[in-house]
2 protein chains.
Amino acid sequence: MQLRMTNQREMILRELRKSKQHLTADELYEKVKKIMPRISLATVYRNLEILSEAGIIGKLEVSGRQKRFDYEVEEHDHIYCVVCHRVDNLEIDRESIREVGWNSDKGYAVHGYRLEVAGICPECQRKRSKKEKKQ
Amino acid sequence: MQLRMTNQREMILRELRKSKQHLTADELYEKVKKIMPRISLATVYRNLEILSEAGIIGKLEVSGRQKRFDYEVEEHDHIYCVVCHRVDNLEIDRESIREVGWNSDKGYAVHGYRLEVAGICPECQRKRSKKEKKQ
DNA sequence: TTTACAAATGATAATCGTTATCACAAATGG
DNA sequence: CCATTTGTGATAACGATTATCATTTGTAAA
Ligand SMILES: [Mn+2]
Ligand SMILES: [Mn+2]
Ligand SMILES: [Zn+2]
Ligand SMILES: [Zn+2]
């Protein structure tokens, strides 16, 4: 019932935390491979699942794309770029949003919610305006 | 630039509207096949994409699962069941939630947001309590 | 009303992210 | 030690979606 900190596990966790980003399994695989060249992609998937199951990391399923894993585990919301799919934390006051409430929950036993804000990240904005100038 | 209302297209749209549910492509495929037995699943996917692109139906990408299509196109939020993945509309006052705002958007040009509430639907609650009694 | 062209369809292959399988290699705990 | 988990790497399988392509259908001009 308690999780064993294998070398692979530790390295995956370390690289995710070091990145301070919301990485996909294969982005993390590429990073870890530089240190442990023999690691398997399956091991990365497996351990990300185990680590998030154990509440050590977070798992994000943002807008129908690849899963991303979060170095931070406290409840918080995210903003993502509709162009490059980068994900950032959204510093929003969860208390005040909770006050809003919902007036019809269709009889659901509510577990929680997820606020997903979409937009274009600064970098993609720059790239876009460059392109426009060319035309 | 203008979309042709083929028989297949029309039937897909009609069945989605008739259902008043948030259906997946293959759920819709099964429904339409009863009326047009020769229709291809690819045609269903293709036309759902075209119809949502044209703003005639909505496309939902809820929590990393199959896409669902929405007979209603106006902006609204959803609640889904973590057990059976059923999706329902969530009647929440979007104006008041908008007032909350976010104090750090990391320089993003915000397009919009999506509020996804998770819980267990009435039916799954019933099934669960039945199971508990058995044990 | 033929003829040309564009668009849509059905069948199926290919793709992508993820999971499952399985033989082999650690680690654990008497 | 030895037996028993547990984890690993390689790879196959999977499910949802998308791409391809030969054929059919619709549109519209000649
Ligand atoms: Mn985060
Ligand atoms: Mn809806
Ligand atoms: Zn971006
Ligand atoms: Zn349910």
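In what follows, chains are A, B, ... by sequence order, proteins preceding strands, each numbered from 1.
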Whole Å only: how far is the [atom1] atom of [X] from the [atom2] atom of [N]?
X     : N      : atom1 : atom2 : value
A/K67 : C/dC16 : NZ    : P     : 18 Å
A/I50 : D/dT5  : CD1   : C1'   : 14 Å
B/L51 : C/dT9  : CG    : P     : 10 Å
B/D26 : D/dT18 : CG    : P     : 13 Å
B/L3  : D/dT27 : CG    : P     : 12 Å
A/E27 : C/dG17 : CD    : C1'   : 13 Å
A/M11 : D/dT8  : CE    : P     : 12 Å
B/Y29 : D/dT18 : OH    : P     : 17 Å

Counting just side-chain N and O atoms, does A/T43 come under 4.0 Å of either OP1 or OP2 of D/dG9?
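Yes, because at least one side-chain N or O of A/T43 sits under 4.0 Å from OP1 or OP2 of D/dG9.
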Indicate whether OP1 or OP2 belonging to D/dT17 is found under 4.0 Å from a side-chain N or O atom of B/Y45.
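Checking B/Y45 against D/dT17: at least one side-chain N or O falls below 4.0 Å of OP1 or OP2.
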Heavy atoms only, 4.0 Å cut-off, all strands: where does [X] land among base, sugar-phosphate and nothing?
X     : value
A/R38 : sugar-phosphate
A/N47 : sugar-phosphate
B/R9  : sugar-phosphate

Can you check side-chain hydrogen bond (donor to acceptor under 3.5 Å, both in side chains) on B/Y108 and A/D88, steps first, answer last?
CA-CA 10 Å; B/Y108 275 71; A/D88 280 304; 3.0 Å; yes
Would you call A/R126 and A/E123 a salt bridge, using N to O less than 4.0 angstrom?
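A/E123 and A/R126: not salt-bridged.
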A/E49/A/K59 salt bridge by N-O under 4.0 Å criterion
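Here A/K59 pairs with A/E49 in a salt bridge, since their nearest N and O are under 4.0 Å apart.
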Whether the side chain of B/E72 engages the backbone of B/G58 through a donor-acceptor N/O pair (distance < 3.5 Å, no angle test) should be reported.
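Answer holds: no.
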Taking the side chain from A/R68 and the backbone from A/H22, do they hold a donor-acceptor pair closer than 3.5 Å?
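Indeed, once roles are kept as given, a pair shorter than 3.5 Å links the two residues.
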Of the listed nucleotides [options], the one nearest the side chain of [X]:
X     : options               : value
A/A42 : D/dT11, C/dT9, D/dT18 : D/dT11
B/T6  : C/dT18, C/dG10, C/dA8 : C/dA8
B/R4  : C/dA20, D/dG7, C/dA7  : C/dA7
A/Q8  : D/dT18, D/dT8, C/dG10 : D/dT8
B/Q66 : C/dG17, D/dT17, D/dT8 : D/dT17
B/I39 : C/dA8, D/dT8, C/dG10  : C/dG10

Taking for each residue the nucleotide of DNA chain D bearing the nearest heavy atom, is the 5' side occupied by B/R46 or by B/R68?
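The residue mapped nearer the 5' terminus is B/R68.
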